[in-house]
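Following: one structure in structure tokens, then a few remarks.
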Amino acid sequence: MRIDVVTLFPGMFAAYLGESILQRAQAAGTLAIHVHNLRDYTSGKHRVADEPPYGGGGGMVLKPEPFFAAAEAIFAADPARRPRVILLSPQGRPLTHAVAAELAEEPWLLFLCGRYEGVDERVRAHLTDDEISIGDYVLTGGELAALVVIDAVSRHVPGVLGDEHAATRDSYADGLLEGPHYTRPENFRGWSVPEVLRSGHAGRIARWRREQALRRTWQRRPELLLAAELDEADRLFLLILAQETTGE
Ligand code: ADE
């Protein structure tokens, strides 16, 4: 997968993309990530990237020309195809597990990072295919959001995680939150690992994990249960949980 990013602050990407799983995926050639400085596509002596908004109101808006010039230079790198162009903004569609999996199917993504009060509307209307928000809060710019999307998407690209199937085991993959995990020591400060996990009984362990996931989802994000894939045993367990809660 190829990923390009256009930003006023390319230095913000180097540290995160230069470590751990994303670094290894790039070294292995599974991911090719290119970060471009929006400033390089500005013109004039002062290399201005932003201007006050028409109509007043304060703040600064990123100008359209540098975004179009940057995107067109990136398109020219491979004229036979086009990346999906994604603008990061608080007005975008919310990032979810399903959105990350969907974007991972694309061979080429281009992320445009906004700053200040926003980006000229013509960038959104005439250059962007998709607009994504990472949550209902406002960041100082799209850079962290782009990194979050890149990280979440990359985990779905075959070969990026050591274990091919790990992304399918995630919280959210089956619509439920994950239950607890334990490692050694068996007893830490008097808190011991649940007996079932030490039983060696694969069937009992799988059922326990499922019930822990259902319990955690019920307690923390009950609305997720409406869309989760549940079988008869799951439904029965939830009924018991509901009775516990109501004290019946
Ligand atoms: N830019 C500023 N805030 C953002 C958010 N919540 N998601 C994506 N991009 C943003």
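First listed ligand is number 1; within each ligand, the first listed atom is number 1.
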Protein contact of [atom] - nearest heavy atom, named by residue and atom, plus distance:
{"atom": "atom 8 (C) of ligand 1", "value": "Ala145 CB, 3.4 Å"}
{"atom": "atom 7 (N) of ligand 1", "value": "Ile134 N, 3.0 Å"}
{"atom": "atom 6 (N) of ligand 1", "value": "Tyr137 O, 2.8 Å"}
{"atom": "atom 9 (N) of ligand 1", "value": "Ser89 N, 3.2 Å"}

With the threshold set at 4.0 Å, does a side-chain nitrogen-carboxylate oxygen contact exist between [X] and [Y]?
{"X": "Asp174", "Y": "Arg210", "value": "yes"}
{"X": "Arg204", "Y": "Glu195", "value": "yes"}
{"X": "Arg124", "Y": "Asp129", "value": "no"}
{"X": "Glu178", "Y": "Arg216", "value": "no"}

Select one of side chain, backbone, both or neither to describe which atoms of Ser133 lie under 4.0 Å from any atom of ligand 1, heavy atoms only. both
Contacts of Arg39 that satisfy side-chain contact (heavy atoms from CB on, under 4.5 Å) - sequence neighbours left out: Leu8, Asn37, Thr42, Arg47, Ala49
Find all atoms of ligand 1 within a distance of less than 4.0 Å from any non-hydrogen atom belonging to Ile132, and give their numbers and elements. 8 (C)
Would you say Leu139 has any N or O atom under 3.5 Å from an N or O of ligand 1, going by distance alone? yes
If I apply the N/O under 3.5 Å rule, does Gly135 come out as touching ligand 1? yes
Quick check: is Tyr16 connected to Leu161 through a chain of hydrophobic side chains (ILVMFWY, heavy atoms under 4.5 Å apart)? yes
Say whether Gly141 and ligand 1 are in contact under the criterion: heavy-atom distance to a ligand atom below 4.0 Å. yes
